[in-house]
Structures are given as C-alpha cells and as structure tokens.
Amino acid sequence: MGDQVKLSADGADLEYPVLKGSVGPEVIDIRKLYGQTGKFTFDPGFTSTASCESALTYIDGGEGVLLHRGYPIGQLAESSSFMEVSYLLLNGELPSQDELSNFEYTISRHTMIHEQLRHFYQGFRRDAHPMAIMCGIVGALSAFYHDSTDITDPEQRKIASHRLIAKMPTIAAAAYKYSVGQPMLYPDNNLSYTGNFLRMTFGVPAEEYEVIPAVEKAMDRIFILHADHEQNASTSTVRLAGSSGANPFACIAAGIACLWGPAHGGANEACLNMLREIGTPDRIPHYIERAKDKNDPFRLMGFGHRVYKNYDPRATVMQSTVREVFEALNVQDPLFETAMRLEEIALNDPYFIEKKLFPNVDFYSGVVLSAIGFPTDMFTVLFALARTVGWVAQWNEMISDPGQRIGRPRQLYTGPTQRDYVPLSQR
Ligand code: CMC
C-alpha cells in the first residue's frame, strides 16, 4: 500500500491514497471524498487541484522548467522544428527521419480549407477582431468534415487532429487577409509549415513571395514556444468541452475563445499596447507605481504567471529571438529598449520580488511579432495556431483514456434557499 493522507471528518478518520507521478508534486486522490463525507473540496481557480493525469508536458514553476515529453523547451527551441515538436506531442517520442517526413507530408496534404468555408469570412465586418473570426471559422469546420467527428474511432481522431494542425495557418492567414482587404492565398505545399504560413499572410498574388530563412526560423521557434503548456485555462477548456463527447473542431473553437482573454493568450497583444502606451523608459516608474496600486486595475502585462514563480523559460528564448529577428531584418524598435528597461526595473522592485512576478512568454513576443510585420490583433491568433497542437494532443490523451468521464465540477451554493413563487401582481 502506498502513502495515505488521513482526514478527520465528523468524528471519522478517513484515508485517501497519495498518487505519485514520474516527477512533480504528488496528488491526494479524493475521488471517494464526497461519497464518504457528503462534502466537496473548494478550490476556485484550481490552485491546488490536479484535474487530470497527463504524460505530455511538465512544468516546475519554482525552477523555471518546461518539458515536453521530457525534453526541455530550450533544447527543442534551439534544435527542433515545430513539425517535429508536434509529432512528439501527439505520439510521445521524437520521430525518425522517415516518420517526420511522412508526418510533414500528411500535414501538408490537409492545408486547404473547403472552398465554401471561404465565404464565411465575408459575413464578418471588415474590422472584426481576427480572434472573433477564428472562433467562428474553426467551430464551423465541424460542419464540413463529418468524416472525422466520430470521437470513438482513433483513426478519425487522428485525421481530425491532422486537419486542425494543417488548416490553422490557412484559416489564420485568411483572417489577416480579410482584415487588410487583400486576396486570400492558397497554400503552397512546397514550403515548410511555417514558410507556407508566412507566404499566405504576407504574400500577394501579383508577386513571388520569398521566405526569409531567419524569419521562418524565428517564427517556427515562436510556434514551438507556444505548442503546449500543461493544464492552462484554454487547454482545460478544450478538455472540459471534449469530456462531453463534443467533436474536436467545436472543442478547439472553445479553446480559442478561452485563449482570447487578456489574462491568457490575449496578454501578448495587451503587452505591446502597454509598451506603446508607456513609450519611453522615463515613463516606466509611473506605470510600475500603477501596477502596484491595489485601487488601479492596471497590471504589468507579460508579467506574472500562475505556475512560474521564477523566470518563464520561454521568455528567455523569446528575448534572444527578438535580437535575431532585428538583426535579420535590420530593424530597431525603441520599444525593445523600453521592454528591457521595464524588466530590469520591475525585477529590482520589492513588490515584484516578493510576489515572484517575472516576465512570461508574452513579454517579448509582441516586440518580435511586430518586427516580423504582424499587427497586434494577430498576436493571439498566432498563439492559437501553435497551441492547436497542444490542444489536440491533450484532447486525444483524454479521449483515449478508458476511464474518461464528463467533467462536472460542483459548487459551494450561497444563493437563497427554497422559497415560494410570488405572482407578479403581488410583487
Ligand atoms: N502586475 C501587477 N501585479 C500582479 C501581476 C502583474 N502582471 N500579476 C500578478 N500580480 C499580483 C496580484 O495583484 C496579486 O497581488 P496580491 O496577492 O497582493 O493580491 C499577486 O500578484 C498574485 O496574482 P494573482 O492574480 O492572484 O495570480 P494568478 O495566478 O491568479 O494570475 C496571471 C496569473 C498570469 C493571470 C497574472 O499574473 C496576470 O494577470 N498577469 C498579466 C497578464 C499576463 O501576462 N498573462 C500571460 C500569462 S503567460 C501566457 C499564458 O499562459 O497565457
């Protein structure tokens, strides 16, 4: 018998098993708690709750460690490719050369979207936020690909996963093209996953588009940095939506909706807007004071994380990617200087030190994406594009688990107790 945790409730001593993972905090298995005590646990925001078992991604927030299937994010960002990381997340192991080539070929054969789906874009206002378009179009995929919505069939799940990963760049680029009033481009499968996305975004039919290798590499690395991140809000949303048996396209649309929020994926957009508002380093102290003021809703965007209480390892890679892109494109952005100065000031401020608030992945991503040429409202779309692989891998892991049940949290009810209906005339 493994370790047990004792709980005294209403005079009875109860024991609950402690489950061990391969690394990281152990968990107390309280699945029988309600049946035995009639009590629930209370953990709004899930700060002490492991919602599932997973073998995909591990984070040690205290040490600033992020592993995908055991491989450190720094090594993957340095030496791998987004396609290889996608294969790794989906299949558990790094691919052989043949496996990788087959995977890339398969993904490239799903990059087109149904021609009718293109008409959906016309229904949106020209100034629609591209994340609004993403929610709609990705949800609408369920209406087009009926042959991959039977979630009990592993082959259909695989095809749906490949379709989602492959079509996301086409859908995202089309959202951008629609907003700038340019014709949408069809995919070019001679290019890499990332090169193809850059061409569909920045290319025009009238001219040959040349992919700049340094930008392609930087973009691919940014995709790797966003590929998966354990049970974050959007991933948990995808799992919860999927737990009811909903089809994968609808589940990913739910994930996109959750990612949009400024506390999650929307932070990269909010962060660049904040840096623009701050403008020059001399204005930083004013904003630091605002971030510390409890009566001011302003927060330093790109700072702080629920899990990382140390430097986010993705932020380290992102910072060096900024330099590489600036060098390749021969650009200088004074906002990068402002960002670095802001980081330095915040990291030396007792408020941020005590609360363990460090730059997260979004702090530098806006600067680099802006240098590549993306408007701010596309930043979260790029996050969604990359995170799609994590979402589908997590969704697959959940559906493959024979013990999987619908996610159904309970509550601490504080509303009125039962009372009799009062007719309108007597109120
Ligand atoms: N600026 C100022 N104060 C902050 C910040 C910030 N960015 N982040 C947290 N705090 C304070 C917060 O006010 C609280 O103070 P107190 O204990 O006195 O009430 C304390 O730090 C703990 O914060 P919390 O909101 O309880 O922490 P959380 O784990 O619920 O929230 C977070 C995490 C990421 C939502 C939050 O740090 C935040 O809003 N950061 C800015 C948005 C951001 O950059 N989000 C991107 C996250 S990384 C990408 C992703 O995974 O989506």
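We count ligands from 1, going down the list as the structure has it; atoms in each ligand are counted the same way.
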Indicate every side-chain donor-acceptor pair of residues 242-258 with a distance under 3.5 Å to a residue at least two apart or in another chain.
residue	atom	partner	partner atom	Å
S243	OG	L240	O	2.8
S243	OG	G407	N	2.8
S244	OG	A241	O	2.9
N247	OD1	F249	N	2.9
N247	OD1	A250	N	3.0

One pair per line, please: each N/O atom of ligand 1 matched with every protein N/O atom under 3.5 Å away, atom names first, then the distance to 0.1 Å.
residue	atom	partner	partner atom	Å
ligand 1	1 (N)	L300	N	3.1
ligand 1	3 (N)	Y351	OH	2.9
ligand 1	7 (N)	L300	O	2.7
ligand 1	7 (N)	F303	O	2.9
ligand 1	13 (O)	K294	NZ	3.4
ligand 1	13 (O)	R299	NH2	3.3
ligand 1	18 (O)	K294	NZ	3.2
ligand 1	18 (O)	K355	NZ	2.7
ligand 1	25 (O)	R299	NH1	3.0
ligand 1	25 (O)	R299	NH2	2.9
ligand 1	29 (O)	R306	NE	2.7
ligand 1	30 (O)	R306	NH2	3.0
ligand 1	39 (O)	R299	NH1	2.8
ligand 1	40 (N)	F303	O	2.9
ligand 1	44 (O)	G302	N	2.8
ligand 1	44 (O)	N360	ND2	2.9
ligand 1	45 (N)	A263	O	3.1
ligand 1	52 (O)	H264	O	3.2
ligand 1	52 (O)	H264	ND1	2.5

For this session: State plainly whether the residues E397 and R239 are in salt-bridge range, i.e. N to O under 4.0 Å.
Result: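 R239 and E397: salt-bridged.
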
Exercise. When the ring planes of Y364 and F336 are compared, do they come out parallel, tilted or perpendicular, using 30° and 60° as the limits?
Worked result: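 If you compare the ring of Y364 with that of F336, the planes turn out perpendicular.
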
Exercise. Parallel, tilted or perpendicular: which fits the ring planes of F363 and F303, with parallel below 30° and perpendicular above 60°?
Worked result: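 F363 and F303: perpendicular rings.
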
For this session: For F120, enumerate each residue passing the ring-ring contact (aromatic ring centres under 6.0 Å, His included) test, keeping only those at least two apart in sequence or located in another chain.
Result: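 Here the qualifying residues are F144.
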
Exercise. Mind checking what makes side chain to side chain donor-acceptor pair (under 3.5 Å) contact with T57, not counting sequence neighbours?
Worked result: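 Counting only residues at least two positions away or on another chain, T57 forms a side chain to side chain donor-acceptor pair (under 3.5 Å) with H68, D228.
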
